[in-house]
Amino acid sequence: MAIPITVPRLGWNMEQGVFVGWLKADGDTIRVGDSLFTLEGEKAAEDVECLDAGALHIPANAPQPGETVLVGALLGYLLQPGESPPKADSPPMPVAAAAEPAVVKAIASPAIETTPRERPASSPRARRVAEELNVDWKQAKGSGHSGRIREKDVRALAEAGTSFGNATRRLIAERMVASQKATAPVTLVTTVDATELVQFRDRCKANGSAVPSYTDLLVKLCAAALERHPALNARWENDRVVPSAGIRIGIAVDTDGGLLVPVIRDAAKISLAELTVQSRDLIERARAGKLSGKELRGGTFTVSSLGGFGIDAFTPIINLPECAVLGMGRIRRVPVVVDDQIAIRDQVTLSLTFDHRIVDGAPAARFLQTLTKLVEAPTPTLDSLAPSPSGRGLG
Amino acid sequence: MSRSSLDHESLLQLYRSMLRIRLCEEQLAKSHQRGLVHGACHTYVGQEAIAVGVCAHLDKNDAVFSTHRGHGHALAKGVTPEELIAELYGRATGCSRGRGGSMHLFSPEVGMMGTSGIVGPCILQAAGAGYSSKLLKNGAVGVAFFGDGAVNNGAFHEGLNLASIWKLPALFVCENNQFATEVPFSYSAGNPTVASRAASYGMPGAELDGNDVLAIRAAAGEAIARARSGGGPTLLECKTYRTRPHAEGMGDFTYRTREDVEAWKPRCPIKRLREHLLAEKVASEKELAGIEEQMQSEILAAHAAAEKSAPPKASEAATHVYSEPRQVPAVPANAATRETTYMQATLDAIAYEMEKNPAIFVLGEGIGKRGGNFRTTFGLYDRFGPDRLCDTPIAERGFVGLGGGAAMTGARPVIDFMFADFVLDSVGEIINQIAKIQYMSDGRIKMPILLRGCIGIGHSAATHHSGNYYPMYAHFPGLRVVVPSNAYDAKGLLHHALRVDDPVLFLEHRELLSTKSMVPEGDYEIPFGQAAIVREGTDVTVVALALMVHHAQKACDILAKEGVSVELIDPRTVAPLDVDTILKSVAKTGRLLIVDEAFGPYGIGAEIAAQASDRGFDDLDAPIRRLNGVHTPTPYSPSLEAAVVPNLESITQAIRDLVAE
Ligand SMILES: Cc1ncc(C[n+]2csc(CCOP(=O)(O)OP(=O)(O)O)c2C)c(N)n1
Ligand SMILES: [Mg+2]
């Protein structure tokens with residue numbers, strides 16, 4: 001049988017080499033031990049010894065000197081007396097080991113079996129992102145192995161918070177019911193003299209600067225009142241009262257998609273002017289459906305006004321997990337008794353719903369008292385802040 | 001050619017054997033050119049007389065160890081050409097089941113105990129086989145074949161000296177083919193003859209014509225008879241020449257000339273025997289031609305069968321790293337116990353096992369009459385005698401490698417190092433030989449060897465008597481690594497170690513040797529890979545090893561008063577490591593601290609932490625913490641020494657910090 005001459009492997013890692021050239025000619029009689037051709041491997045060119053005997057046959061399509069050849073490639077044949085070259089010039093290639101799946105796997109031993117968890121598993125990263133986005137990660141639907149809540153689940157939840165339509169409606173519905181179920185709501189109602197508040201606002205108009213809405217003014221005053229009554233700024237978590245670190249006041253905004261409550265951060269610290277700009281922006285974007293989930297989360301108190309609709313008093317629903325919500329009615333000019341005289345004054349009715357789990361009636365009433373005084377004499381509070389730190393620039 | 005009084009058949013047998021090797025090698029060379037041999041291929045062409053002349057005196061109970069150029073030894077010892085060829089083709093029918101290739105040939109069934117890709121160890125292993133023979137009195141001889149390259153290696157020096165002082169039945173056959181790869185022997189040896197070195201070790205040595213099979217056969221016969229009759233080892237230097245390149249595919253004429261090689265070809269040992277057989281009229285031309293034809297067809301058939309056989313299954317790529325686990329009886333519930341020191345507990349265990357198992361012997365410095373630097377063998381010499389309590393010269397690599405060979409051939413060596421630091425001279429033997437042989441032989445050779453020594457920092461032992469090292473050993477497959485923290489565990493684990501067939505590193509913290517615990521008087525086994533829950537708790541899991549277990553226990557007491565409930569786990573063995581017990585605890589506590597005197601980087605704590613974050617991810621309530629010895633050599637001065645190890649305060653604080661995370 002014709003013996004194929006193939007490219008041998010020289011050294012450890014050779015996969016291909018350069019065929020330098022034949023040391024014998026086509027038809028030459030080759031003896032065992034003759035040097036047959038020169039091959040350049042990784043390290044050097046070697047004269048390759050022939051380990052069989054026969055007449056050298058170099059096929060027409062054999063590699064030419066200087067060509068790069070793969071290990072195992074056919075170079076020619078050794079023919080035995082009387083033999084003619086094989087038809088198909090394809091060498092019997094060495095059998096490669098049958099491909100089988102490798103045994104290499106990641107070290108994936110089974111997770112340790114433990115008793116079922118009370119809360120869904122979540123990754124530390126998901127919880128951190130939830131904090132950043134002000135999302136309650138427990139509400140997310142876990143998509144990880146074993147239902148673990150992952151970062152992307154939290155982000156998806158945050159995204160969902162800004163979309164309109166059914167999703168928003170459903171969310172509102174869930175939150176309202178959750179609030180009603182979870183809280184022990186009590187509403188206190190009082191009517192307050194708002195004459196100075198109206199005058200203050202008129203002065204703003206005369207100044208030509210951005211005119212705060214009554215809601216803005218109330219937010220600012222509530223923030224001041226909350227500073228003195230932190231109990232109303234707390235929240236109910238894991239069966240106990242947890243104080244909130246800052247004062248962040250949500251403003252209830254009626255939009256086409258339903259009620260949204262964007263949050264003014266640091267309501268006590270920023271100036272009224274700044275608050276005005278912020279709230280206007282938030283309301284505009286709420287109506288345009290352009291709020292991020294983050295802007296809707298993290299409130300510690302809410303102000304809701306239905307005055308624009310001619311409503312005087314109502315029982316607002318607590319925005320979980322907050323402690324309380326203030327409802328503001330319309331401002332009316334009415335005759336009132338002042339110093340035993342009938343006078344025309346501006347009056348507003350405030351409805352405070354608070355969670356009786358967190359505070360009792362008396363402290364809530366005291367908060368409302370403070371707020372009443374601030375509404376009646378608002379100027380020091382509303383003027384108190386110089387331009388906000390962010391307005392100071394970098395100097 | 002030397003004359004001989006051999007009968008016709010014996011002479012023809014030599015001819016057949018040499019021819020079988022030659023033709024097999026020629027087939028392998030061709031197959032290498034054609035890509036059937038996947039890796040290296042070191043042929044034995046030109047040296048056939050040596051393997052054949054020596055192995056003519058051996059039977060399957062005699063143990064042969066060889067080196068990278070071992071095809072000829074395997075065939076001469078009785079491995080069939082088909083098994084050899086199939087091995088180089090990477091097939092399941094290969095003598096090593098496709099695990100080794102050219103340099104790792106194992107066939108314990110015929111006493112081919114292994115070739116090695118490392119130059120040197122075979123010398124020590126053959127001496128070890130000699131030790132087994134001496135101990136078990138089975139008449140076997142250990143034979144090492146090695147090149148001239150090995151004689152300048154420490155293994156040669158240590159192995160020959162050990163074999164000589166213990167008069168082991170061993171034969172050391174140096175095949176001096178004048179080159180180690182391309183480095184001439186004349187360059188690398190200060191003394192131009194190998195045989196003369198025998199005198200340095202007090203053993204007979206002979207320089208032989210390595211291409212004269214009758215001379216080799218005669219000299220080997222004499223040496224082996226001497227070995228079998230208790231006369232001790234012999235060194236044979238067989239001067240020869242390999243007429244093929246160092247390995248197939250390698251260039252041959254950068255360090256020698258084509259003429260040099262051609263000049264040696266007429267001295268071919270097979271040709272010489274053939275001419276001798278004709279000249280002496282032992283056989284006719286026709287008879288020899290018949291043998292040649294028969295051998296040629298045997299090899300062709302072997303090649304064809306090998307080529308047809310299946311590759312090993314990928315699913316079996318990691319079997320036989322360890323021997324089958326032992327079924328361990330439970331510790332007797334109401335066994336009488338006694339307060340015992342750690343040291344005494346291990347002494348009781350080893351004494352008990354030595355009484356029961358005559359294959360156990362101990363090697364070490366001062367472990368004989370003296371009873372061990374740490375009283376590890378106290379009183380045993382008087383009971384079991386010098387062959388089983390054998391003092392060694394200071395030759396750690398030598399007696400570890402020798403121990404490996406003894407373990408492969410039926411004995412159960414206990415190597416007592418005193419300090420684990422001294423073992424580092426023999427790490428190559430442990431990791432490249434002892435750890436790998438069960439796997440490389442596809443589980444057909446067992447490796448029941450116990451390597452014990454002290455570890456640990458304390459009492460100003462300084463850097464060469466303080467090392468821990470267990471993380472390093474735990475990294476390698478094939479080793480069991482035991483780090484007992486108390487007398488009870490030490491005894492049970494030592495009983496187990498002396499009954500399993502795996503190599504065990506038994507590392508005893510020096511500061512613990514005189515600690516006491518209640519220990520059952522009788523024997524009992526603690527299996528490897530079962531952590532002890534030293535103390536149950538709910539707030540934080542602390543994993544500690546060896547001495548650190550004791551510090552951690554005290555920390556638990558302090559913290560209990562502060563209202564912190566610690567669960568303390570002692571893995572007891574770091575290979576295998578009982579991760580499940582640790583993770584179950586973490587599932588409960590959510591917090592994990594690993595306290596380990598050994599270095600942190602790449603250590604046991606790193607491993608535990610990685611597994612915990614993988615498998616116990618959702619259970620973690622805080623980052624995983626480690627408290628380790630400082631990553632520095634161990635200093636001497638007490639103030640410096642104390643600064644590099646975890647102590648009660650640092651452990652207590654680390655736990656407090658973790659609880660507050
Ligand atoms: C400890 C060690 N160092 C280096 C090598 C690389 N190596 C493989 S074979 C060899 C030469 C061995 O020469 P020798 O012992 O004379 O055997 P020969 O190849 O001549 O048969 C070397 C250096 C090795 N295998 N082991
Ligand atoms: Mg050599």
Side-chain angles (χ1 to χ4, degrees), chain A residues 3-12 14 32-33 35-36 39 41-52 70-73 91-104 106-115 117 119-124 142 144-149, chain B residues 26-41 89-91 98 243-245 247-254 258 262 265 307-308 310-319 579-588 607 610-612 614-623:
Chain A
I3 299 167
I5 301 164
T6 54
V7 176
R9 179 166 46 83
L10 313 174
W12 290 97
M14 179 176 161
V32 172
S35 293
L36 197 53
L39 178 68
E42 297 157 312
K43 289 191 282 195
E46 305 280 352
D47 290 349
V48 176
E49 178 190 357
C50 187
L51 298 170
D52 289 292
L70 292 178
V71 169
M93 286 301 288
V95 257
E100 260 193 85
V103 285
V104 177
I107 309 171
S109 311
I112 279 300
E113 272 190 38
T114 52
T115 45
R117 289 164 223 283
R119 54 181 170 82
S122 57
S123 78
H145 175 72
S146 76
R148 182 186 301 130
I149 295 167
Chain B
E26 286 177 350
Q27 177 61 53
L28 286 170
K30 287 183 206 178
S31 297
H32 185 271
Q33 276 197 349
R34 290 184 199 147
L36 276 167
V37 174
H38 306 284
C41 182
Y89 293 180
R91 307 305 163 111
T243 48
R244 290 201 63 75
E248 289 307 300
M250 269 176 79
D252 210 13
F253 303 118
T254 48
R258 199 178 285 278
E262 289 306 320
K265 283 190 179 163
E307 202 180 354
K308 266 199 233 85
K313 292 196 188 80
S315 59
E316 286 166 14
T319 57
V579 179
D580 282 16
T581 296
I582 297 168
L583 294 193
K584 279 188 189 127
S585 173
V586 174
K588 181 165 65 168
E607 173 61 21
Q611 297 225 31
D614 180 350
R615 298 174 55 198
F617 184 66
D618 294 329
D619 293 320
L620 291 169
D621 198 28

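Lettering follows sequence order; numbering is per chain, from 1.
Salt bridge B:R258/B:E262: absent, no basic N to carboxylate O contact under 4.0 Å. A salt bridge links B:R615 to B:D580: at least one charged side-chain nitrogen sits closer than 4.0 Å to a carboxylate oxygen.
Annotation: salt bridge (charged side-chain N to carboxylate O under 4.0 Å, His left out) contacts of A:E46 (sequence neighbours excluded): none. In this view, B:D621 and B:R591 satisfy the side chain to side chain contact (heavy atoms under 4.5 Å, CB included) rule, not counting sequence neighbours.
Residue contact with chain B, scored on non-hydrogen atoms closer than 4.5 Å, involves the side chain of A:R148 exclusively. With a threshold of 4.5 angstrom between heavy atoms, A:V32 does not approach chain B through any atom at all. Contacts between B:A29 and chain A at a heavy-atom distance below 4.5 Å involve backbone atoms as well as side-chain atoms. Of the two parts of A:S122, only the backbone, made up of N, CA, C and O, holds a non-hydrogen atom closer than 4.5 Å to a non-hydrogen atom of chain B.
Between chain B and the options A:L51, A:D47, A:I3, heavy-atom pairs under 4.5 Å are most frequent for A:L51.
Contact of the A:M14 side chain with the A:L39 side chain is registered, since non-hydrogen atoms from C-beta on lie closer than 4.5 Å.
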